[in-house]
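Below, read A as the first sequence line, B as the second, and so on, with proteins coming before strands; counting in each chain starts at 1. Note that this is a predicted model, so its numbers are computed, not measured.
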2 protein chains.
Amino acid sequence: MSRPTIHDVARIAGVSLSTVDRVLNAREGVRRATQVRVTEVMQQLGYERNVAAANLARRRQYRLLFVLPAGGNSFMRGLEQEIAARAGAWEFTSIAVMTVPPFDDAALAGALLDIDPAQTDGVAVVATDSAAVRAALAALRDKGVAVVTLVSDLPSSRRQHFVGIDNVQAGRTAASLLGRFCRGRTGSIVMVAGSMLVRDHAERRLGFEQVLYQEYPEQHILPPLEGFDDQDIVAARLSELLAQTADVVGIYSLGAGTRGVARAMAQTRTDAPSVVVHELTPHSRQALLDGTFDAVIHQDPLREITAAVGLLQSLIGGEAIDADVARIGIEVYLRDNLP
Amino acid sequence: MSRPTIHDVARIAGVSLSTVDRVLNAREGVRRATQVRVTEVMQQLGYERNVAAANLARRRQYRLLFVLPAGGNSFMRGLEQEIAARAGAWEFTSIAVMTVPPFDDAALAGALLDIDPAQTDGVAVVATDSAAVRAALAALRDKGVAVVTLVSDLPSSRRQHFVGIDNVQAGRTAASLLGRFCRGRTGSIVMVAGSMLVRDHAERRLGFEQVLYQEYPEQHILPPLEGFDDQDIVAARLSELLAQTADVVGIYSLGAGTRGVARAMAQTRTDAPSVVVHELTPHSRQALLDGTFDAVIHQDPLREITAAVGLLQSLIGGEAIDADVARIGIEVYLRDNLP
DNA sequence: GTGAAAGCGCTAACAT
DNA sequence: ATGTTAGCGCTTTCAC
């Protein structure tokens, strides 16, 4: 009646528990014939291994480390808090967090090289794109540490997986929204970026321009404003631009420093431009509620953490990995579907 | 070094394992003083119970049953498939699915009354709103079966929880989108419903009208079309209406039968109305890709299943429940952020 | 090659 | 009111 166990399998196959275990875990030291017999009994019984019991007996320990940029980036701070809040939630898993100066690839590479493989089994890192970081990741891997990139990827490095959204698609989504929101009004579209040197920002811009050029050719895209994810710089530059350019109908903020966008918007005349920004934070939420922003494109930090942890566990345990969990959805929020 | 266990707690507190267990599970038969001492040691050691081991020892079995409407509703069929696919994924849990004729509260009530409490510990049901169903749920509860409603709620019944989206907010979200999409074009807005007798449809309509009346008063909302979640009826009635009404600028389909909307749209002239529908299915996905639909409002079936299973497990086990997991997000999809 | 036996961290009788 | 003991389903020495 209840689920069959290895005891049942062993009894029916006429072998011992150890042999069933060997077959189950594809260990060697089992005659071909026995192997087949045991496998058949398992199939016939519909045996499914009890993972909890297995982990219990194994006494596995996954020691994971998250490496995030420091600084005032609300999204990153939210991510950090979420990790801290959930750190105790995973069985057999301890989680540490480390922050490094943002936009500083030397610092990141140094920090990665300092990781002690005797203390850490797996690392999830928000990558900065540089040769030094690539080399540091490779070194980590050589030491036997599992590595996934988080939020911002580093393709063609030796990271084993990327956990995050498809940023080109995110940019396209922003354009689909903003294009529709601006229908009937023709004019200039402003893009506010952090820095074009950061991979995810570059990808978002690419996707955004793809769709806007092709499907809303009546709109005029201005060259991107660089705000370095700093709200003061963003506010200053955007205010200036809005003062000079009368026909701005839409704004897409594809990095952080979103508070600066809200501040600049506060000074605009009636019939304000439509605004789409990235990442749901207390501030973007507020701006959505008071009508300053029209939509927020978001990635769920908790999902990303969960995916990273699960992936690292599988990687460390040498199990098959489910690539699906790593594909994080691009979420769209308006005032009314806020969580 | 490794996580402290009840052995450590017992040793340090100078009591036996049983006593620690009693404290841990708030069982009676422990002197106040011992209780305090043990608790203190736990805190001091940062003890966290190993849930897997606990479940293993308990040999708990959760036998759950999902009750869904039968019929051609793509969303429900998707839900059913997802349950089947994940049925083996939960430890200590077996999951069965049962379908009943749709929109037939007598059939649903009968099916619920037939559930054998000796075979079933918990039920998740897509509710139809009626006194008979309410009574059936109450009878189930009296038999000791845990009950949650799924997707469509039955408030003021004895169901212990609802797992699903906030449908008023979903309607508001649709209006926010459609209102923005139609800016600059003024005319009629069509609502296609399944039946106003179904609770979630009524709620969506409410939310939709709230926002549209208040924030887009220039648009004219037509009385809702009833399509009974049947694509043929929807196609026929919507085609007819579109032929008669030249100034339709937006369409909101708040129930199933969405394929009928796509079919009716295929016959419209250029400058087609903007369309927002519910539930991501192979068909609505296709319509999004080919530009027939502008946005799809969705609820994630897998999340709902996971939440229902988790909630029922807690309810059956008499544990504290985390109401947060039951709040399913209202997802918005455009062509470019499709999963 | 295969098996017996001792645990993993916790719970559930059954003592005392 | 508290302790002892035998498992839960699986893994892991260590024998044979």
* To do: Can you spot which of I115(A), L108(A), L150(A) makes a side chain to side chain contact (heavy atoms under 4.5 Å, CB included) with V125(A)?
  => L108(A)

* Does Q43(B) CD have over 12 foreign heavy atoms under 6.0 Å away? -> no

* **Any donor-acceptor pair under 3.5 Å from T120(A) side chain to P117(A) backbone** => no

* side-chain hydrogen bond (donor to acceptor under 3.5 Å, both in side chains) partners of E80(A), counting only residues at least two apart -> R77(A)

* What string of B, S and - do you get for nucleotides 7-16 of chain C 5' to 3' if you count protein non-hydrogen atoms under 4.0 Å? -> BBBBBB----

* Asked: Hey, are the side chains of L56(B) and L56(A) touching, using non-hydrogen atoms and a 4.5 Å cut-off?
  -> yes

* **salt bridge (Lys or Arg N to Asp or Glu O under 4.0 Å) partners of R49(B), counting only residues at least two apart** => none

* Structure fact -> Outer limits of DNA chain D sitting under 4.0 Å from a non-hydrogen atom of chain A, read 5' to 3', are dG9(D) to dT12(D)

* **Pairing of R303(A) and D300(B) as salt bridge, 4.0 angstrom limit** => yes

* To do: In sequence, state the C-alpha distance, the side-chain angles, and the governing distance for Q299(B) and E279(B), and then conclude on side chain to side chain donor-acceptor pair (under 3.5 Å).
  => CA-CA 7 Å; Q299(B) 47 190 322; E279(B) 317 310 3; 2.9 Å; yes

* Asked: Is any side-chain heavy atom of H161(B) less than 4.5 Å from a side-chain heavy atom of T149(B)?
  -> no

* Asked: Pairs in or reaching into residues 81-94 of chain B: which pass side chain to side chain donor-acceptor pair (under 3.5 Å), with residues at least two apart or in two chains?
  -> T93(B)-Q313(B)

* Remember a base hit wins even if backbone is also touched, and classify V20(A) as base, sugar-phosphate or nothing at under 4.0 Å, heavy atoms. => nothing

* Asked: Near DNA chain C, which residues from residues 310-320 of chain A have a heavy atom under 4.0 Å away?
  -> none

